[in-house]
Q: 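Below you'll find the structure I mean.
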Amino acid sequence: MISLLAINKAICTLYQQALDAAGTGAKLVAEDVSAPIVRPSGKVELEDGSHARLFHSGQERVVTFRLYYFAADGKRPKLENLAVRSAVGDAFLDGVTVDGTYLGIDEGVSLTVTDGVLVGTLYLTIDEEVPEAEGEPMETLEYDTEVN
């Protein structure tokens, strides 16, 4: 089973590569959004998701990540946001690989700008097998289909 920590690490790695490719000099920060904003910088947050059983031997997890980019000039962020937007699109185009497992990004990366802050949203759906509980296998039931 792929851990959320491993998924988060893979997302952060791809996002940092995108920031480097955009040439902004921005680094990812781990501070709360309520802390003073360091510019330029990026931030990754894990949002709501779900975890459900699928049939007998499987499970499905849906996770949402938000990628924030704070441009160096908060009053004139357009050109930086365009560069980062393009780099993020390219970085996540082929999905994410976590611990050797490919995870496609449902509906790609959605990018919007709110109050000068570039916000990327991506949804991942992870379908995994659940290991069977140990124990003796069920015996085979034999029945007679002939009517007397």
Side-chain angles (χ1 to χ4, degrees), residues 1-140:
M1 185 160 92
I2 301 172
S3 72
L4 288 178
L5 185 62
I7 296 169
N8 186 68
K9 184 176 179 181
I11 296 290
C12 288
T13 299
L14 279 177
Y15 188 33
Q16 185 61 63
Q17 289 172 0
L19 293 176
D20 293 343
T24 64
K27 297 296 178 199
L28 292 181
V29 294
E31 287 82 23
D32 263 347
V33 174
S34 61
I37 297 171
V38 176
R39 292 181 179 270
S41 66
K43 182 167 180 55
V44 175
E45 286 189 352
L46 175 63
E47 297 283 326
D48 297 336
S50 64
H51 194 148
R53 165 118 19 223
L54 295 178
F55 303 109
H56 174 69
S57 62
Q59 68 178 343
E60 177 182 82
R61 291 186 292 158
V62 178
V63 292
T64 304
F65 283 92
R66 300 247 191 258
L67 313 175
Y68 296 92
Y69 176 69
F70 303 97
D73 184 351
K75 296 181 194 264
R76 298 179 57 92
K78 183 177 180 180
L79 295 179
E80 277 185 67
N81 283 346
L82 287 172
V84 172
R85 179 183 192 131
S86 177
V88 166
D90 292 342
F92 289 94
L93 186 62
D94 293 326
V96 181
T97 301
V98 181
D99 296 336
T101 302
Y102 170 78
L103 302 175
I105 299 172
D106 302 345
E107 301 175 21
V109 180
S110 170
L111 296 155
T112 60
V113 176
T114 305
D115 294 330
V117 176
L118 179 66
V119 182
T121 305
L122 55 100
Y123 304 97
L124 296 174
T125 301
I126 304 125
D127 295 319
E128 299 174 304
E129 289 186 21
V130 175
E132 271 189 43
E134 291 189 31
E136 293 183 28
M138 183 184 281
E139 292 183 24
T140 304

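Numbers here simply count residues along the sequence, with the first being 1. These numbers were taken from a predicted model, which means no experiment stands behind them.
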Q: If only atom types and distance count, is the side chain of Thr97 paired as donor or acceptor with the main-chain N or O of Gly100 below 3.5 Å?
A: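 Absent.
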Q: So how far is it from Ser41 OG to Tyr68 OH, rounded to the nearest 0.5 Å?
A: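 Those atoms lie 12.5 Å apart.
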Q: Can you tell me how far apart CG (Asp99) and OG (Ser3) are? Round to the nearest 0.5 Å.
A: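 Here the interatomic distance stands at 6.5 Å.
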Q: In Å and rounded to the nearest 0.5 Å, what is the CG to CG distance from Leu103 to Asp127?
A: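 The CG atom of Leu103 sits 10.0 Å away from the CG atom of Asp127.
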Q: Are the side chain of Arg39 and the backbone of Ala71 linked by a donor-acceptor contact shorter than 3.5 Å?
A: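 Present.
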Q: Are side-chain heavy atoms of Lys27 and Asp20 found at a separation under 4.5 Å?
A: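 They are in side-chain contact.
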Q: What heavy-atom pair brings Ala18 and Ala91 nearest, and what distance separates the two atoms?
A: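 Result for this residue pair: CB-CB, 3.8 Å.
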Q: Hey, does the side chain of Glu45 reach the backbone of Phe65 with a donor-acceptor pair shorter than 3.5 angstrom?
A: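 Flag not set: sc Glu45 to bb Phe65 has no pair under 3.5 Å.
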Q: With a 4.5 Å cut-off on side-chain heavy atoms, are Val88 and Tyr69 touching?
A: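 They are not in contact (no side-chain heavy atoms under 4.5 Å apart), so the answer is no.
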Q: Within a strict 4.5 Å, meaning less than it, do heavy atoms of the Leu14 and Val96 side chains meet?
A: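 Of all side-chain heavy-atom pairs linking Val96 with Leu14, at least one is under 4.5 Å.
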Q: Run Leu19 and Leu28 through side chain to side chain contact (heavy atoms under 4.5 Å, CB included) and show every step you take.
A: CA-CA 9 Å; Leu19 293 176; Leu28 292 181; 3.9 Å; yes
Q: Rounded to the nearest 0.5 Å, what separates atom CZ in Phe70 from atom CD1 in Ile37?
A: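 Nearest 0.5 Å value for the CZ-CD1 distance: 4.5 Å.
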Q: Under a 3.5 Å distance rule, please check whether Arg85 uses its side chain to pair with a backbone N or O of Glu80 as donor and acceptor.
A: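 Absent.
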Q: Would you say Ser86's side chain and Leu82's backbone share a donor-acceptor pair under 3.5 angstrom?
A: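 No; judged by distance alone, with no hydrogens or angles, the pair does not exist.
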Q: Closer than 3.5 angstrom, by distance alone: can the side chain of Glu47 be matched with the main-chain N or O of Thr121 as a donor-acceptor pair?
A: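 Not at all, since once roles are kept as given, no pair shorter than 3.5 Å links the two residues.
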Q: Please check if the side chain of Asn81 supplies one atom and the backbone of Val113 the other of a donor-acceptor pair under 3.5 Å.
A: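 The answer is no, because no donor-acceptor pair under 3.5 Å joins these two groups.
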Q: Phe92 vs Leu67, test: side chain to side chain contact (heavy atoms under 4.5 Å, CB included). Steps then yes/no.
A: CA-CA 12 Å; Phe92 289 94; Leu67 313 175; 3.8 Å; yes
Q: Work out which heavy atom in Leu111 is nearest to a heavy atom in Gly120; give both atom names and the distance.
A: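 Result for this residue pair: CD2-CA, 3.5 Å.
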Q: Quick check: does any side chain N or O of Tyr15 sit under 3.5 Å from a backbone N or O of Ala10, one acting as donor and the other as acceptor?
A: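 It does not hold such a pair.
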Q: In terms of heavy-atom contacts, does CD of Glu107 have more than 12 from other residues, nucleotides or ligands at under 6.0 Å?
A: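 Counting neighbours around CD of Glu107, 12 or fewer heavy atoms of other residues, nucleotides or ligands fall under 6.0 Å, so no.
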Q: Tell me if a side-chain donor or acceptor on Asp115 pairs with a main-chain N or O of Val117 at a distance below 3.5 Å.
A: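 No: the side chain of Asp115 does not pair with the backbone of Val117.
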Q: Answer whether the closest heavy-atom distance between the side chains of Lys43 and Arg66 falls below 4.5 Å.
A: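 Not touching, per the 4.5 Å side-chain cut-off.
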Q: Does Ile7 reach the side chain of Ile2, with side-chain heavy atoms less than 4.5 Å apart?
A: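 A side-chain contact exists here, since the closest heavy-atom pair is under 4.5 Å.
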Q: Can you check side chain to side chain contact (heavy atoms under 4.5 Å, CB included) on Arg61 and Leu4, steps first, answer last?
A: CA-CA 10 Å; Arg61 291 186 292 158; Leu4 288 178; 4.0 Å; yes
Q: Would Leu122 and Ile11 count as a side chain to side chain contact (heavy atoms under 4.5 Å, CB included) here? Give the steps.
A: CA-CA 10 Å; Leu122 55 100; Ile11 296 290; 3.8 Å; yes
Q: For a quick test of reading the model, state the closest non-hydrogen atom pair linking Pro77 to Gly74 and the distance between them.
A: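 Minimum heavy-atom contact is CD-O, 3.8 Å.
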Q: Less than 4.5 Å apart, side chain to side chain, heavy atoms only: is that true for Val63 and Ile126?
A: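 The answer is yes, as the side chains (C-beta and beyond) meet within the 4.5 Å cut-off.
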